[in-house]
Amino acid sequence: MFRYVLRRLALSLITLLILIAVIFLLTRVFPSDPARQLAGPFGSQERVDQLNRDLGLQDPMITQFGRLLRDVVTLDFGESYSQPGERVLDLIRPRLANSAKLVLFALILTLPLSIVGGIIAARKKDTLLDRTIVNIGLASSSIPEFVSGVLLQYIIGVKLGWLPAVTNIPDDASLITELRYLLLPALAIVFVYFGYIARITRAGTITALDADYTRTAYMKGLSTRSVVRKHVLRNSLQPTVAVTGTQIGYLFGGLVGLEVVFNYPGLGLLILNAATAPDFPLLQAGVITVAIIFMLCTLGADILIAYMNPRARMNLKESS
Amino acid sequence: MSDDVDVPLEGDPTGGVAASEALATEAIPEAAVVGVDASTERKQVRKERRQLLLRSPGFLFGFSILVMWVLCAAVPSWFTKWGDNEVVRVDGSVIPRVSPRADAWFGTDKIGNDVFARIIYGARPVLIVAVTAAVLAVAAGTLLGLTVGYFRGWVDEVIGRIIEALLSIPVILLAIMVLTTLGRSQTVIILTIAVLFIPVVTRTVRSAVLAEAQLDYVTSAKLRGENSLFVMTREILPNVTGVAVVELTVRIGYAIFTVATLSFLGLNAGDSSAADWGRDLGKQYDTIQAGQWWAAIFPALAIALLVIGVNLVADSLDRVNKS
C-alpha cells in the first residue's frame, strides 16, 4: 500500500510539472508586455526597462521557468501586479478558504442525495422511478451552473425571498448565518452534480449487482441487506469516489460564472479578475493552486479506492 | 492510474455486441460466399438502431428542441418582426423594461430591445461557434486517439501524460488564460475551445481503439499483410465511428456550455450589441434584484433548453450505440 501511494504521488507530480509548464507557456510566450502594463501607458521607457530587469522578464525562458518552479515549491509567488504591495499568496489564501467553504457545503448536500438516488435507481432499474431519477439528473446536470444559479436566485432569493440572493456575508456572521448565505449557490451546485453523481453511482451499482460475487453472496444465503452493505457498496461506490475526487478539483476553480452571479469571492472570481486586469503572477498562482488541489483530490480518491479494492493497487503496476 | 478514473466516465465504449458484429462484418469479407451477406447485415443493424432512436421519447424531445433552435438560427425573421438590435417603439416612443405582454411576449430589456427577438437571434452565434469548435475537436481528437491507440509506445505515454495534465484544470480557466493572452476574436474563441476539447476526445477514442485493436479482425488484417494506415482507417475507424459520433454530440453540448459561460463573463468577440444569450444574461441579471426578471431569465432558459436538447440526443445515441 505504501509503495502504491509513493508511485501514485510520483505520477501526480509529473502531471503537475507538465501543467505548470503549460501555464507558464500560456502566460509568457505569447506576445504581451507586462512591464509596459505595470508602468502604464505614460510610464517612461527607463521605468519599463527597470521593471523588466527587476522582474527578470528578459532572462532566458528556461531561467524564468526555473524561477516559477522555485516559486511553486516555496509557495512564494511574489507581488501582485494589479495590487502593488500585496503578496500574491496573501490574496489567494482567503479566496481559497471561501471556495473550500462553498465546495464542502455543496458536497455535504449533494453526495448523500445523489448516492442514495443512484442506488435506488439501480435497484429499481428500468422502472418509472429509475427513469425519472436518470432523466431529471440528465437535464439538471446539463445546465451550466451559472444558469441554474440565476434561476434559483430569482425564484428563491427574489420572488419567494426565502434566502439572501447575493452572498454579501457580514463579517461577524455566525456559522448558521453564513450557511444561509451560501445555501443558494450551493443548491446551484447540487443541481448540476446530483444527476452526474447519481448516474455514476447507478452504473456502478448495476455492475456490482450483476457481478458473480454478488450472486455467490446471495447463494450463501445472506440477506439482501447484508449483501448490499458488505459486497455491493464496497465495489459500486468506487467510480463514485473517483468521480467525486476529480469534480472537487473542478469545483474549486471552475465556478467562475456562479461566483459572478452571487458575487462570491472565491478562487474562480479571483482568477477571472486577474485575467482581465491582467495580473500575470496572480493569474499563474491562482491556476496553479487549482491544479494542486485537483492533484490532491484525485490522489486522495485513488488512495481511498486502493484501500477499498486491493486489485486497483495492482493495476497501477501493470499500466505504467 | 488515469485508467482508474476513466472507467466510470466512459463505461463500456464497445460492448461485446459491437465486437461480434465487427467480426461478422469485417474479419470475414468472404462471408457472402458462406451465405451471410455482410453489408445487408450491417444495413439491418443500422435500421434497427434508427428505429430504436425513433421510439425513444428522450431522443424525439431533444431532437425537436434542436430543430427549433436550428430554424431560429437559420431564418430568424420567420419568427419575429423585430431585428435583434432594433429598439421597440410603440407610437414612436421607446419602451424599455416592460414586462411580458401581448405585443412583446418576453418583455423588453434595459435598452428597449424586444427580448423575444434577441432570444431568436441569439441562437445563431452560439450554434455556429459551438458546433464548429466541437467538429474540429472531434476530428483532431479522433485522428490523434486512433494514432496513439494503435501504435502505443512512448508517444502514447507522453501524450497520455500531457492529456492528463490538461484535464486537471477546468476548461473555463484555461480558456480565460488563452483569451487573455491571445486576444478575443471569433476565430480565437473557436480554436481555443477546439484545442481544449482535443484531450478528452483523444482519451475517449483511444480507449475505444485499444478495445478494438485486441480483436481478431484486426489481428487477421495484420496477418493478411495490410499496412498500418489501412488497418487504422479501413478496419478500426469504421468500428469506432459510433463512439466518435456520440462524442461529437456530447462535445457540442459542452461547447455550448463553454461559449455561453465565456459570453456571460464578457469574454466574447464581435459586436457587443448583437444578440447573444450568454452576454444578454451577463448584462441583464442585475435587473433580477429589482424584480425585472424577464430580460435575464429568458436567455437563461434558452441556454438551458438548448443544452438539454443536445444532451438528450447525445444520451439516446450513446444508449443505441451500446445496445
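Since the model is a prediction, treat every value here as computed from it, not as a measurement. Residue numbering restarts at 1 for every chain, and letters A, B, ... go by the order of the sequence lines.
- Looking only at side-chain heavy atoms (C-beta outward), B:Phe264 and A:Val261 come within less than 4.5 Å of each other.
- Taking B:Ala304, B:Ser168, B:Ala300 one by one and counting their heavy-atom pairs under 4.5 Å with chain A, the maximum is reached by B:Ser168.
- Heavy-atom pairs under 4.5 Å with chain B were tallied for A:Ile20, A:Val256, A:Val241; the largest tally goes to A:Val256.
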Passes side chain to side chain contact (heavy atoms under 4.5 Å, CB included), A:Thr276 versus B:Ile176? Steps please. CA-CA 9 Å; A:Thr276 40; B:Ile176 289 174; over 6 Å; no
Before you tell me yes or no, could you show the steps for B:Tyr285 and A:Gln153 under side chain to side chain contact (heavy atoms under 4.5 Å, CB included), namely the whole-Å CA-CA distance, both residues' side-chain angles and the distance that decides it to 0.1 Å? CA-CA 10 Å; B:Tyr285 80 88; A:Gln153 186 180 47; 4.3 Å; yes
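- Of all the listed residues (B:Ile297, B:Leu179, B:Thr258), the one sharing the greatest number of non-hydrogen pairs under 4.5 Å with chain A is B:Ile297.
- In this structure, the side chains of B:Ile303 and A:Ile143 stay at 4.5 Å or more apart for every pair of heavy atoms.
- Taking B:Leu267, B:Asn311, B:Leu166 one by one and counting their heavy-atom pairs under 4.5 Å with chain A, the maximum is reached by B:Asn311.
- Side-chain contact between A:Ile18 and B:Glu164 is absent, with no heavy atoms from C-beta onward closer than 4.5 Å.
- B:Met177 contributes atom CE, which lies 10.0 Å from atom CG of A:Leu25 (distance to the nearest 0.5 angstrom).
- Within the 4.5 Å cutoff, side-chain heavy atoms of A:Arg199 are placed close to those of B:Asp315.
- Proximity of A:Leu26 to B:Thr180: side-chain heavy atoms (C-beta onward) are nowhere separated by under 4.5 Å.
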Test side chain to side chain contact (heavy atoms under 4.5 Å, CB included) on A:Phe146 and B:Thr261 and set out the steps. CA-CA 8 Å; A:Phe146 66 93; B:Thr261 310; 3.2 Å; yes
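- Considering every non-hydrogen atom in both B:Leu265 and A:Gly257, the closest pair reads CD2-CA, 4.1 Å.
- Just one residue in the list A:Ile271, A:Ile23, A:Leu267 forms a side-chain contact (heavy atoms from CB on, under 4.5 Å) with B:Leu173, and that residue is A:Ile271.
- In this view, B:Phe106 and B:Phe116, B:Phe298 satisfy the ring-ring contact (aromatic ring centres under 6.0 Å, His included) rule, not counting sequence neighbours.
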